[in-house]
Amino acid sequence: MDDRVILRVGAKILIPFILLYALYVQFHGDYGPGGGFQAGVIFAAAFVLYALVYGLGNALKVLPPRATYACGALGVALYLGVGFVTMAMGGNFLDYDVLAHDPTHGQHYGIIGVELGVLVTVFGVMVELFYAFAGRRRLDP
Amino acid sequence: MLRAIGLGVVLFGFWLTLSGHYTPLLLGFGVGSCVLVVYIAARMEVVDQEGVPLHVTGRFFSYLPWLMKEIFVANVEVAKVILDPKLPISPRIVVFHGSQDTDLGRAIYANSITLTPGTITTGVAGHEFEIHALRAADLETDEQQQMDVRCTRVERGRRERAS
Amino acid sequence: MFVAATAGILVSMALALLRALLGPTVYDRVLAVNTFGTKTVLLIAAIGFLTERPEFLDLALVYALINFIGTIAVLKFFEYGDLGLTRRIQREAE
Amino acid sequence: MDLAFDVLIWGSLGLGLFFMLVGTIGILRMPDVYTRLHAAGMTDTMGAGFLLLGMALYTVEEMVPGHTSYWTVLVRLVLVYAFLLFTSPIATHALARAGLAGGVEPWTNDAEEGT
């Protein structure tokens with residue numbers, strides 16, 4: 001008999017909303033407190049909750065360590081990519097103004113791209129750190 | 001599949017209430033975010049009867065006012081106990097019988113018990129609810145019976161019988 | 001009026017910290033830290049209103065979330081000595 | 001109108017602080033973890049509830065109706081309370097269960113009462 005009913009049902013209902021809240025924080029960085037770093041942490045927190053309630057095994061099935069490594073690298077690539085695109089378009093590194101005809105829009109798109117990179121990297125590294133800690137056992141059981 | 005769409009719609013509603021900025025760009029991000037979250041939720045296998053309990057939502061919200069009233073009454077009771085210089089408590093652990101048939105119903109009942117100060121669910125096994133009570137006298141009231149009946153009603157509606 | 005609210009919350013936070021210091025078991029401390037967290041959430045909200053910046057409520061929500069997950073994580077560690085394992089679910093899978 | 005609103009706001013905030021402080025006193029006075037959990041629950045339910053209700057009333061009084069931030073603030077207050085109501089019993093239950101699993105015996109005064 002599984003007596004973790006309360007935790008399991010609670011986590012099930014909560015997790016999608018936490019994930020969406022993270023993405024809300026991500027995309028509303030312009031208007032309130034928020035941005036890539038915080039969003040990445042909240043997004044990772046949803047996975048941590050999942051791993052705590054359903055066990056590390058299930059979490060590893062949903063998001064294998066290879067995927068977290070990939071996330072860590074992909075985010076940095078995205079960040080650099082935005083930088084190189086601006087250079088290719090004739091500006092300086094991360095000079096967003098050249099991304100669109102109107103510098104304000106250019107700034108906007110550039111920042112969205114860079115913040116997305118931050119989100120992906122922070123998320124990947126956070127989950128990776130959790131996996132590393134969760135795999136360890138306490139010495140005095 | 002229907003549940004996944006339902007979850008998506010609920011999440012998009014959540015996004016709209018949070019956002020407050022209705023430009024095409026942000027609405028587009030909202031749709032994208034909802035699709036991503038539903039995909040991850042599906043991978044986590046949390047999109048099911050328990051994870052997306054759309055069938056009980058309406059009944060749950062009609063149960064909520066009664067629960068809030070109970071919570072308030074119980075709070076006043078416990079406040080009196082705490083402020084009493086003699087601290088008149090007689091804590092003990094008892095076992096209740098809950099008539100809920102699904103884990104979702106059990107979770108609602110167990111959380112309702114915990115939310116009303118004076119009783120805490122310490123364990124659930126089938127129809128047995130292990131409860132730590134602050135004062136044994138509080139347990140023999142109609143409210144506890146009523147809470148069980150009302151939670152079961154939330155779980156399966158007034159007329160539906162458990163099959 | 002939010003000055004009064006903030007002051008009241010701070011007083012009860014201090015009292016909660018006292019319980020965290022007194023213990024005696026680890027569960028008492030976790031309990032104290034958990035209520036301390038709830039009060040922090042309310043403090044953030046009250047300070048948001050005090051400074052006329054209600055965007056602070058977003059932070060309050062995030063803090064409530066982290067507080068909850070943190071409590072669950074600490075309890076899990078003390079129950080199983082491990083963050084990754086769920087004994088019963090694991091046993092079911094086998 | 002304004003005065004009535006102010007009284008309501010003060011009343012809500014005051015009630016919230018009252019329940020919160022009583023809950024905290026309970027945490028200090030109660031004899032063991034399980035009984036303290038009952039007191040801690042008061043902070044999460046009514047203490048937070050009335051404080052946030054007071055803030056919501058303040059928002060209704062102060063903000064210009066129709067202005068967007070008016071709604072977003074109210075929505076967030078409701079969300080914070082919903083989140084607290086949702087997670088508080090789960091955390092309390094987890095704490096009680098971990099305590100029992102960890103071998104902390106519940107305190108009783110049955111012996112004193114002679115039952």
Side-chain angles (χ1 to χ4, degrees), chain C residues 1-2 4-9 11-20 22-32 34-39 41-46 48-49 52 54-65 67-80, chain D residues 6 9-10 12-14 16-18 20-25 27-28 30 32-34 36-37 39-44 47-48 51-52 54-55 58-59 62-63 69-70 72-77 79-84 86-88 90-92 94-104:
Chain C
M1 58 182 80
F2 288 105
T6 310
I9 295 170
V11 168
S12 75
M13 280 170 95
L15 290 173
L17 265 191
L18 192 61
R19 174 46 72 199
L22 288 174
T25 65
V26 69
Y27 304 103
D28 289 289
R29 294 179 212 275
V30 175
L31 160 68
N34 189 29
T35 40
F36 189 80
T38 309
K39 281 161 196 165
V41 172
L42 295 169
L43 181 74
I44 294 172
F49 278 92
E52 301 285 326
E55 310 96 74
F56 271 45
L57 285 170
D58 277 355
L59 307 182
L61 209 49
V62 173
Y63 198 91
L65 171 69
N67 184 35
F68 170 64
I69 295 177
T71 306
I72 298 291
V74 170
L75 287 174
K76 181 154 190 197
F77 188 74
F78 279 106
E79 196 172 347
Y80 297 111
Chain D
D6 277 346
I9 297 171
W10 275 106
S12 280
L13 291 177
L17 284 178
F18 169 75
M20 177 179 273
L21 281 170
V22 171
T24 320
I25 293 168
I27 294 176
L28 288 171
M30 293 289 188
D32 77 338
V33 192
Y34 308 104
R36 277 171 204 146
L37 278 170
M42 291 176 64
T43 308
D44 293 344
L51 277 171
L52 293 170
M55 292 174 198
Y58 176 82
T59 315
E62 288 294 304
M63 300 274 179
S69 63
Y70 174 76
T72 53
V73 170
L74 284 183
V75 163
R76 275 164 184 70
L77 286 169
L79 273 178
V80 170
Y81 191 48
F83 191 84
L84 282 179
F86 194 90
T87 56
S88 138
I90 298 176
T92 306
L95 193 48
R97 225 170 58 91
L100 285 174
V104 180

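In what follows, chains carry the letters A, B, and so on, assigned in the order in which the sequence lines appear, proteins first and then strands, with residues in each chain numbered from 1. Keep in mind that this is a model prediction, so the values were computed, not measured.
- Proximity of a side-chain donor or acceptor of C:R19 to a complementary backbone N or O of D:I27 within less than 3.5 Å is detected.
- In terms of heavy-atom proximity, C:A4 sits nearest to D:W10 at CB-CZ3, 4.1 Å.
- Heavy-atom minimum distance, C:Y27 versus D:L95: O-CD1, 4.0 Å.
- Within the 4.5 Å cutoff, no side-chain heavy atoms of D:F83 are placed close to those of C:V41.
- In this structure, the portions of D:L77 lying under 4.5 Å from any heavy atom of chain C include both its backbone and its side chain.
- Side-chain contact check for D:M20 versus C:T38: every heavy-atom pair is 4.5 Å or farther apart.
- Taking all atoms of both residues into account, the shortest heavy-atom contact from D:L21 to C:G8 is CD2-O, 4.3 Å.
- Only the side chain of D:L17 comes within contact range of chain C, with heavy atoms under 4.5 Å apart.
- Between atom OH of residue D:Y81 and atom CG of residue C:L61 there is a gap of 15.0 Å, rounded to the nearest 0.5 Å.
- Comparing C:V30, C:I9, C:I72, C:T71 by how many heavy-atom pairs each has under 4.5 Å with chain D, the most go to C:I9.
- Heavy atoms closer than 4.5 Å to chain C are found in the backbone of D:M30, but not in its side chain.
- Looking at D:V104, the atoms closer than 4.5 Å to chain C (heavy atoms on both sides) all sit in the side chain, from C-beta outward.
- Across D:G23, D:G54, D:G99, D:G16, the residue that shares the most heavy-atom pairs under 4.5 angstrom with chain C is D:G99.
- Contact count against chain C (heavy-atom pairs under 4.5 Å) is highest for D:V80 among D:V80, D:I9, D:L84, D:L52.
- In terms of non-hydrogen atom pairs under 4.5 Å with chain C, the most contact-rich of D:A48, D:G47, D:G102 is D:A48.
- Annotation for C:A45 and D:M55: closest pair CB-SD, 3.8 Å, computed over non-hydrogen atoms.
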Checklist entry - Given the rule in the ring pair (Phe, Tyr, Trp, His ring centres under 6.0 Å) test, do C:F68 and D:F86 qualify, once you have shown the distances and angles that lead to the verdict? => result CA-CA 10 Å; C:F68 170 64; D:F86 194 90; 8.2 Å; no

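- Distance check: D:T92 OG1 to C:N34 CG gives 7.0 Å after rounding to the nearest 0.5 Å.
- Under the 4.5 Å side-chain criterion, counting only non-hydrogen atoms from C-beta, D:T24 is in contact with C:K39.
- Both the backbone and the side chain of D:L37 come within contact range of chain C, each with at least one heavy atom under 4.5 Å from a heavy atom of that chain.
- Contact between D:L51 and C:A5 at its shortest, heavy atoms only, is CD2-CB, 4.5 Å.
- In this structure, D:L13 CG and C:M1 CE are separated by 7.0 Å, a value rounded to the nearest 0.5 Å.
- Closest approach of D:A40 and C:T35 over heavy atoms only: CB-CG2, 3.4 Å.
- Looking at D:L79, the atoms closer than 4.5 Å to chain C (heavy atoms on both sides) sit in the backbone and in the side chain alike.
- Comparing D:D44, D:I25, D:D32 by heavy-atom pairs within less than 4.5 Å of chain C, the highest count is held by D:D44.
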